[in-house]
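A quick write-up on the structure given underneath.
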Amino acid sequence: MVDRRDFGSWLEGPRARTTPGRWPGEQLGLPERGPGSIAGFGIRLVAVLIDWVVALFIASGLFRVPLPFTAQHTSGVDSFITLGVFGVITLLLVGTLGYTIGHRVMGLQVRSLSGTGRVMPLQALARTVLLCIFVPAVIWDRDGRGLHDKIPNTVIVRTR
């Protein structure tokens, strides 16, 4: 049955009927600060940019993809090659170590919220595919987790 609170929550926005945590990750059992706490958007963005630069250099070295800001003309295929290299790097490193090069530099780690905390290969695959699609990565919940983390049940946390 629909009651007045339903209309009130609809008028006040989608977050009105949810019980917010005092800090991101509290509802997941994560600390507010320090190691194990949810990483903020800025630090995650820097980590992805580092990974993208690494992918650009690898794509340039292996597949002769021109680097940005060079006089060479790039094609749409070059962008997909770089995206493919980025995806392979992310899949292999997150699936085996739990972090990419950018994550390691910035002191981050991808952890599974189910089981031991170690990211399973299927979780790493789902997360990587969704990250490469990009749209799920920019849709977040209250804890700062994008759809690319919510669907495979993972979270990016600080290691230091």
Side-chain angles (χ1 to χ4, degrees), residues 9 13-63 65 67-68 76-160:
S9 65
R15 296 183 182 189
R17 290 203 70 178
T18 59
T19 55
R22 292 179 299 227
W23 64 84
E26 179 186 25
Q27 295 174 337
L28 302 172
L30 301 175
E32 183 175 5
R33 290 187 202 94
S37 64
I38 288 197
F41 173 75
I43 196 168
R44 289 184 293 154
L45 179 63
V46 172
V48 167
L49 291 176
I50 291 170
D51 291 335
W52 189 258
V53 169
V54 169
L56 278 170
F57 281 111
I58 291 173
S60 177
L62 292 179
F63 303 106
V65 172
L67 291 172
V77 174
D78 294 335
S79 297
F80 281 109
I81 290 172
T82 305
L83 180 63
V85 170
F86 175 81
V88 168
I89 291 170
T90 302
L91 176 63
L92 292 176
L93 292 177
V94 169
T96 57
L97 302 173
Y99 51 81
T100 63
I101 295 167
H103 289 148
R104 183 70 174 175
V105 168
M106 299 308 294
L108 305 176
Q109 184 178 26
V110 181
R111 291 191 185 155
S112 175
L113 290 175
S114 57
T116 63
R118 181 175 166 82
V119 178
M120 296 291 118
L122 192 57
Q123 288 177 308
L125 178 64
R127 186 180 186 284
T128 301
V129 168
L130 292 169
L131 182 62
C132 287
I133 292 172
F134 185 72
V135 172
V138 296
I139 300 172
W140 307 304
D141 66 1
R142 284 180 173 251
D143 293 318
R145 293 173 53 210
L147 286 177
H148 70 293
D149 277 325
K150 288 187 70 72
I151 290 171
N153 203 23
T154 58
V155 65
I156 298 180
V157 296
R158 295 177 171 274
T159 58
R160 53 182 183 231

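On a predicted model such as this, the values are computed, not experimentally measured, just so you know. Sequential numbering from 1 along the given sequence is applied to the chain's residues.
Using a 4.5 Å cut-off on side-chain heavy atoms (C-beta onward), Y99 and L108 make no contact. Residues L113 and K150 are not in side-chain contact: their nearest non-hydrogen atoms beyond the backbone lie 4.5 Å or more apart. Inter-residue side-chain proximity for V155 and D149 is flagged as unmet; no heavy-atom pair is nearer than 4.5 Å. Proximity of L83 to W52: side-chain heavy atoms (C-beta onward) are separated by under 4.5 Å at one or more points. Between R158 and I43 the shortest side-chain heavy-atom distance falls below 4.5 Å. With contacts defined as side-chain heavy-atom distances shorter than 4.5 Å, the pair I89/D51 does not qualify. Taking the side chain as every heavy atom from C-beta outward, P136 and I151 never approach each other to under 4.5 Å. Side-chain contact between R127 and V119 is absent, with no heavy atoms from C-beta onward closer than 4.5 Å.
Using a distance-only test at 3.5 Å, with no hydrogens or angles considered, no donor-acceptor pair links the side chain of S37 to the main chain of P31. Under the 3.5 Å distance criterion, the side-chain polar atoms of T128 are matched with a main-chain donor or acceptor of A124. For the pair W23 (side chain) and L30 (backbone), a donor-acceptor distance under 3.5 Å is present. At least one donor-acceptor pair closer than 3.5 Å links the side chain of D141 to the backbone N or O of D143.
The environment of CG in L62 is crowded: more than 12 heavy-atom neighbours from other residues, nucleotides or ligands sit within 6.0 Å.
Taking every heavy atom of both residues into account, G102 and I50 meet most closely at CA-CG2, 3.7 Å. In terms of heavy atoms, V85 sits closest to F63 at CG2-CE1, 3.9 Å. Of all non-hydrogen atoms in R160 and R104, the two that sit nearest each other are NH1-O, 4.1 Å. Across all non-hydrogen atoms, the minimal contact from G95 to R118 is O-NH2, 4.3 Å.
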Subject >> Steps toward side chain to side chain contact (heavy atoms under 4.5 Å, CB included) verdict (R44, I38) >> reply: CA-CA 10 Å; R44 289 184 293 154; I38 288 197; 5.9 Å; no
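Side chain to side chain, Q123 and S112 meet the donor-acceptor criterion of an N or O pair below 3.5 Å.
With rounding to the nearest 0.5 Å, the separation of OG1 in T154 from CE in M120 is 12.0 Å.
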